[in-house]
Amino acid sequence: TFVVNEILGLESQGVDVSIKAIGYPAESRFHRTITDVRAPVGYLPDPRRPATVAATFEMLRDPGWASALPRALDFLNRLPDRQRMPVLIHGMDLAASAVSDRIDHLHAHFMTSAAHTAYVAHLFCGVPFSVTAHAKDIFSAGVDRGVFREVATAATALVTVSDYNVEYIERRLLDGTSARVEKVYNGLDTGARRLSSVHRGRDLVLAVGRLVEKKGFDRLLASVPRLPASVQVVIVGEGEERPRLERLRIELGIEDRVRFVGAQSSDEVAEWMAQARVLAAPFVVGGDGNQDALPTVLVEALCAGLPVVAGNIAGVPEIIEHGVHGLVVPSGDRVAFTEGLARLLSDDALHQAMSGAGPGHAAARFDRQVTIPRLLEAMGVSEGLAVAS
């Protein structure tokens with residue numbers, strides 16, 4: 001959703017956007033806002049097809065393309081074996097599209113195959129590129145520091161989504177390089193997320209996110225038996241942790257108090273936010289080092305006037321000021337998290353104050369009318385130019 005919001009923001013600023021996708025969508029549910037995107041969507045070729053491979057090597061008959069191949073191969077040889085040929089094929093195809101479509105700038109989300117593809121395209125066609133690095137592509141133990149440094153140094157800018165990320169990247173991944181790191185928050189149309197009327201259930205706790213380790217939803221389940229018996233919990237999302245969480249729900253004897261409703265559209269999430277009393281976000285650092293960087297769901301909660309109890313990881317304090325928009329508790333501290341939920345469920349005056357403080361804070365810091373100009377400045381792109389994302 002944050003990528004869609006960025007594309008819509010770029011289009012609103014007069015940028016001519018073209019979207020190039022590495023793979024075809026596999027999701028069964030789409031957010032309504034996707035229909036607002038005007039940009040054409042193209043798909044990079046399937047690298048498993050012999051005709052695709054043959055077409056790629058045919059391009060190398062051109063001396064201009066062939067001259068860039070040694071440097072591209074030096075980079076590709078640093079990637080895992082299974083990634084080398086797809087990144088080469090996708091990179092060369094993207095380079096050809098950038099030239100034929102007169103693209104001024106390439107921008108990739110995540111310092112993974114998308115960024116590697118943009119870099120290889122840059123090597124072949126010379127079109128400048130930038131990358132937004134988010135979370136797993138920064139924090140996971142498997143991040144290749146050498147590959148990260150090479151791509152970041154060649155980019156116009158490495159954009160990331162929080163001050164915490166900037167400090168982490170500069171200290172642990174890019175120390176001693178000339179790479180330029182810029183913070184640009186994920187932006188939303190905050191006005192569209194505001195709720196005109198709210199009918200909150202006094203005892204409804206909402207959680208939204210992928211069912212993966214770093215979301216910490218097992219901590220939320222562990223809190224339920226310690227909350228008043230009237231409290232109900234709704235968890236929106238799907239993921240690999242769902243079977244374990246459902247087993248834990250049974251073990252804790254809270255089947256009648258916790259509902260898993262699966263993945264939902266952004267409109268459906270907004271409806272849940274209009275009904276809930278508090279958003280539970282017990283973020284933790286995963287066993288592989290992965291963690292959320294700037295959770296969009298917290299910004300959405302601010303817009304909706306929905307107070308939050310959140311684990312203190314990465315950029316969370318840049319979204320939620322403790323005691324003003326919600327409660328930020330030590331990550332993994334189950335007692336503090338439970339106490340935070342109980343406090344917001346029972347203290348009407350505090351809840352009302354936090355609810356009223358959220359929308360204005362979201363608009364001032366996270367509205368895409370604020371964030372998109374900063375992104376364009378980081379890219380070095382003027383309004384109206386063509387960008388492939």
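When reading the values below, keep in mind they use all heavy atoms of this one structure, side chains included, and skip hydrogens, waters and symmetry mates.
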Item to complete: In sequence, state the C-alpha distance, the side-chain angles, and the governing distance for Glu251 and Arg247, and then conclude on salt bridge (Lys or Arg N to Asp or Glu O under 4.0 Å).
Response: CA-CA 6 Å; Glu251 293 169 6; Arg247 289 194 300 270; 5.4 Å; no
Verify the distance criterion only: is there a donor paired with an acceptor across the side chains of [X] and [Y] at less than 3.5 Å?
X	Y	result
Asn312	Ser331	no
His105	Ser130	yes
Gln352	Ser355	no
His109	Glu6	yes

For the student: nearest non-hydrogen atoms of [X] and [Y], plus distance:
X	Y	answer
Pro45	His90	O-NE2, 3.0 Å
Pro307	Leu344	CB-CD1, 3.9 Å
Asp101	Lys20	OD2-NZ, 4.1 Å
Gln291	Val284	CB-O, 4.1 Å

Worksheet item: Considering residues, nucleotides and ligands other than Phe57, do more than 12 of their heavy atoms fall under 6.0 Å from its CZ?
Response: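 At most 12 heavy atoms, drawn from other residues, nucleotides or ligands, come within 6.0 Å of this atom.
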Fill in: Heavy atoms from other residues, nucleotides or ligands near CZ of Arg78 exceed 12 (cutoff 6.0 Å)
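Result for CZ/Arg78: enclosed.
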Worksheet item: Do Leu206 and Val208 have side chains that get closer than 4.5 Å, going by heavy atoms?
Response: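 Result yes, sub-4.5 Å side-chain heavy-atom pair found.
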Discussion item. Going by side-chain contact (heavy atoms from CB on, under 4.5 Å), Leu298 matches just one of Leu306, Ile319, Asp292. Which one?
Written reply: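 Only one of Leu306, Ile319, Asp292 forms a side-chain contact (heavy atoms from CB on, under 4.5 Å) with Leu298, namely Ile319.
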Worksheet item: Under 3.5 Å, side chain of Arg365 to main-chain N/O of Tyr185, donor-acceptor pair present?
Response: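 Absent.
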